[in-house]
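Residue indices begin at 1 and follow the sequence shown.
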Amino acid sequence: MFRPRPLLAVVLFGASLGAAPQQAVFRSGIDVVAVDVLVVDKNGHPLPDLKPEDFTVTVDGKPRRIASVEFLAHYDRFATPPDRTAIPNLRPEDRVMMRAEYSSNTKSPPGRLFVLVVDSGNMTRGGGRGAMQAAGQFVQKLAPNDLVALVSLPAGVTVDFTADRLAIRNALLQIIGGGASRYLSNVNISLGEAFSLVTGSQRRLWDQAIREECNWTRSDNEYENCRTTLEADARSKFYAARTSAESSERSLEILIRRLSLIEGQKHLIFIGEGLVTGSSYGYLDGIADLAWLGGLVQAARVNLYVLHLDRAFFEAFNVQERFPTRTPLEDARLLNDGLAEIAGQAGGAYFNLTTALDPTFERIARETSASYLVTFETTDADRDGKTHNVGVKVARPDVQVRARKQFMVDPTIRTAPVADRLSRALNSPYLPSAIPIDMTTYVVGDTQNGGVRVLLAAEIGCGPQASADFDVGHTVTNAAGQGTGSPVRHPDALVPRPDGVRCAYYTSTFAVRAGQYVIRAVAMDSGNRAGGVERHLDARLTSAGPLGLSSLVLTDPAVRVDGKMKLVVNGHVSGPSVAAYVEMQRLQPAGDVVAAAARPVVQFEVAESDDGPTLAGVVPSVADDAAAGAWYAEGAINLASLAPGTYLVQAIVMWDGAIVGRVSRSIILDRGASR
């Protein structure tokens with residue numbers, strides 16, 4: 001199946017960032033700020049039983065009232081076979097959804113977004129081979145609904161967010177490395193000695209290097225030539241290490257800025273052998289180069305893991321190395337400096353690895369398998385366009401809490417066009433889920449244009465206190481990736497359900513050519529909270545002998561919107577009856593006058609299953625459109641004698657005395673509806 005979204009290569013590296021780096025602006029809400037919080041025990045297992053009162057949030061050191069706490073389990077219970085409709089504890093809605101009759105963002109939590117970033121520019125040739133293999137195994141074990149992207153820094157292999165595990169594994173094996181050889185070769189001068197010369201720190205290392213390397217000289221002139229040559233080598237090594245680090249840092253900044261365009265939390269796993277900033281030698285310019293990282297990572301909702309492949313000692317004493325380093329400890333600190341700084345600036349986790357990576361990847365998979373979304377209300381003081389510190393604590397002993405440390409509220413977001421915010425949400429790999437949405441589609445004929453028409457219906461924000469204050473938009477994309485978007489508008493009405501729940505009801509009708517499509521819809525409220533749903537649609541008539549059958553369109557006579565019966569979205573019907581409608585189009589030309597005069601016969605039936613006995617039904621009259629070669633049947637089915645439960649409504653179509661086709665749709669008869 002295809003999934004419409006922007007290519008990562010374009011999103012991440014498709015445009016130059018000409019402007020100087022600026023503090024990223026947090027745009028997740030107007031009245032509330034959302035914080036992704038990981039809470040795990042000492043073994044990395046998430047804690048699923050925390051209550052709102054277990055959390056404490058502070059802003060700039062002062063307590064802030066928590067608006068909501070939501071536990072998110074990142075797995076998809078509908079993502080894998082086999083068909084589980086026979087499991088007795090499934091809810092009626094689950095059974096209907098598993099027939100693919102409607103789509104929802106409440107029944108199937110979105111998966112995780114992982115970005116594997118390999119800093120091959122600061123890796124020895126072949127040095128990351130074991131890490132690439134371990135990363136491939138990690139990817140293979142992820143949940144089916146997780147998406148993974150791969151980026152090699154500073155410019156290399158790039159794979160868009162995908163569920164294709166093999167594509168990621170093959171791309172990982174193409175990453176070779178080799179960039180670090182420019183400054184890790186120990187001919188004449190080590191990395192630590194080079195930094196000793198340039199920074200003036202730990203000068204004894206440079207003095208010792210001069211003594212040992214120039215002890216062969218027999219005159220002042222020879223000594224001066226030796227010293228000058230070594231200084232040139234040292235400066236070259238220093239600038240090679242810093243240039244390589246700056247290149248990777250700049251690419252990482254571009255990557256995170258592009259990721260900020262994608263809604264939701266992203267887990268970035270940075271894999272590297274070293275990133276030389278020089279902080280262990282007091283070189284402050286290298287630290288300053290990463291000053292952008294903290295705010296930008298927080299604003300982009302990136303949870304960062306740094307995996308340091310610590311090969312420094314192995315390289316230092318490798319028997320194949322012709323010139324072993326004289327400064328193994330100092331070299332190791334230099335290689336570690338930047339990686340530890342990245343984790344620290346971003347509030348991420350740092351792992352120094354000298355052996356197998358598998359346990360680390362397994363811990364990352366455990367830690368990210370569930371999280372909490374904690375929101376707190378903003379104040380006027382927060383809307384000053386400045387960075388504010390936020391702290392999250394949990395009243396449980398022996399737990400690790402990882403959450404953003406900063407936020408910024410854009411004071412202009414109140415005037416940001418709704419269409420822009422909806423477009424951003426619609427084009428993200430995973431749609432937002434803060435607002436619940438159920439969406440269905442019906443396919444009917446379009447005799448005038450030769451294609452089909454799609455009836456889209458959605459129930460949004462269902463709940464006892466629901467409102468219709470939403471802006472809604474949707475996109476329709478074909479298998480070639482070509483798509484169109486709808487105008488932004490409000491739901492049609494607020495409609496009731498018999499269980500006391502109310503829902504914002506949204507409909508749309510559009511014509512398309514027969515084929516495969518993906519429909520995405522997003523609703524956004526005045527507080528900038530958003531919810532979205534994606535539905536795969538086979539927009540074709542069902543073949544039935546000489547006929548093509550539309551979907552079985554079901555409406556609820558008990559609920560009317562602008563004088564029209566409400567389309568059944570997720571199976572629920574409110575009244576003692578359900579109205580059914582089906583269209584039939586002649587697909588084959590009539591061979592003679594007798595055939596031309598033939599008419600279909602339709603029967604609507606209700607049963608508990610496809611092959612169950614008929615419990616209720618009606619034989620509707622069939623109207624025709626002779627010019628278009630089409631027929632229409634509609635009728636109301638009395639459900640008063642049925643007990644509450646899940647049923648199947650079928651339209652059985654007969655031609656020339658024989659059954660040629662069936663179309664069906666599930667309904668959920670709520671308690672109190674059958675009367």
Side-chain angles (χ1 to χ4, degrees), residues 28 33-58 66 68-77 109-117 131 134-135 137-148 259 264-271 294 297-298 300-308 339-340 342-353 355-376 389-407 430 433:
S28 185
V33 170
V35 183
D36 300 295
V37 184
L38 296 179
V39 185
V40 299
D41 63 19
K42 61 181 180 180
N43 296 315
H45 295 286
L47 275 65
D49 59 344
L50 296 176
K51 305 289 191 301
E53 55 267 26
D54 293 322
F55 290 86
T56 302
V57 173
T58 59
I66 294 175
S68 66
V69 174
E70 182 180 4
F71 178 71
L72 303 173
H74 302 291
Y75 63 92
D76 186 352
R77 57 196 175 125
R112 295 164 291 184
L113 289 175
F114 287 99
V115 185
L116 299 177
V117 179
Q137 295 172 2
F138 163 75
V139 167
Q140 198 66 31
K141 295 176 182 178
L142 293 176
N145 59 327
D146 291 332
L147 298 181
V148 186
L259 287 174
Q265 186 178 35
K266 284 77 64 175
H267 304 285
L268 192 154
I269 303 175
F270 188 98
I271 304 172
V297 164
Q298 310 299 334
R301 295 183 65 183
V302 169
N303 175 35
L304 188 67
Y305 292 91
V306 177
L307 275 55
H308 179 194
L339 297 176
I342 285 176
Q345 288 274 8
Y350 171 82
F351 298 91
N352 188 293
L353 307 169
T355 56
L357 276 77
D358 292 348
T360 302
F361 278 117
E362 290 172 1
R363 183 182 180 95
I364 292 174
R366 285 197 304 271
E367 285 191 5
T368 58
S369 64
S371 63
Y372 288 88
L373 186 65
V374 178
T375 66
F376 61 89
N389 296 323
V390 58
V392 180
K393 294 183 179 180
V394 174
R396 290 287 181 90
D398 302 321
V399 299
Q400 298 179 22
V401 180
R402 190 171 302 122
R404 67 167 63 233
K405 295 183 178 180
Q406 298 172 322
F407 74 95
Y430 279 126
S433 57

- Decide side-chain contact (heavy atoms from CB on, under 4.5 Å) for Val139 and Asp146; before the verdict, give the C-alpha distance in whole Å, the side-chain angles of both, and the deciding distance to 0.1 Å. CA-CA 9 Å; Val139 167; Asp146 291 332; over 6 Å; no

- Message: Whether Arg366 and Asp41 form a salt bridge (side-chain N of Lys/Arg under 4.0 Å from carboxylate O of Asp/Glu) is what I want to check.
- Response: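 Looking at Arg366 together with Asp41, the answer is no, because their closest N to O distance does not fall below 4.0 Å.
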
Heavy atoms, side chains only, cut-off 4.5 Å: are [X] and [Y] in contact?
| X | Y | answer |
| --- | --- | --- |
| Glu367 | Pro46 | no |
| Val392 | Thr56 | no |
| Asn303 | Arg402 | yes |
| Tyr372 | Leu50 | yes |
| Lys141 | Glu362 | yes |
| Val57 | Val374 | yes |
| Val35 | Thr375 | no |
| His45 | Ser369 | no |

- Message: Between Phe138 and Phe114 (judged by ring centroids, cut-off 6.0 Å), do the two rings come close enough to count as a pair?
- Response: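 Between Phe114 and Phe138, which both carry aromatic rings, the centre distance is below 6.0 Å.
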
Nearest-0.5 Å distance that lies between atom [atom1] in [X] and atom [atom2] in [Y]:
| X | Y | atom1 | atom2 | answer |
| --- | --- | --- | --- | --- |
| Ser371 | Arg112 | OG | CZ | 10.0 Å |
| Leu47 | Gln400 | CG | CD | 11.0 Å |
| Asp36 | Lys266 | CG | NZ | 8.5 Å |
| Leu142 | Thr368 | CG | OG1 | 7.5 Å |
| Asn389 | Arg404 | CG | CZ | 12.0 Å |

Residue pair [X] / [Y]: nearest heavy atoms and the distance that separates them:
| X | Y | result |
| --- | --- | --- |
| Leu38 | Ala370 | CD2-O, 3.5 Å |
| Ile271 | Ala135 | CD1-CB, 4.5 Å |
| Asp49 | Asp54 | O-OD2, 4.4 Å |
| Arg363 | Lys42 | NH1-O, 3.1 Å |
| Pro52 | Val69 | CA-CG2, 3.8 Å |

- Task: Mind running side-chain contact (heavy atoms from CB on, under 4.5 Å) on Phe71 and Leu373 for me, showing each step along the way?
- Result: CA-CA 7 Å; Phe71 178 71; Leu373 186 65; over 6 Å; no

- Task: Take Tyr305 and Phe270 through the test side-chain contact (heavy atoms from CB on, under 4.5 Å) and record every step on the way to the result.
- Result: CA-CA 6 Å; Tyr305 292 91; Phe270 188 98; over 6 Å; no

- Item | Ring geometry between Phe407 and Phe376 (parallel below 30°, tilted from 30 to 60°, perpendicular above 60°) |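 Because their plane-to-plane angle is over 60°, the rings of Phe376 and Phe407 count as perpendicular.
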
- Pair Thr58-Val390, side-chain contact (heavy atoms from CB on, under 4.5 Å): steps then yes or no: CA-CA 6 Å; Thr58 59; Val390 58; over 6 Å; no

- So, His308 versus Tyr350: side-chain donor-acceptor pair below 3.5 Å or not?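 Tyr350 and His308 do have a side-chain donor-acceptor pair below 3.5 Å.
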
- Message: For the backbone of Gly391 and the side chain of Lys405, can you confirm whether one donor and one acceptor N or O come within less than 3.5 Å of each other?
- Response: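 Judged by distance alone, no pair lies under 3.5 Å.
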
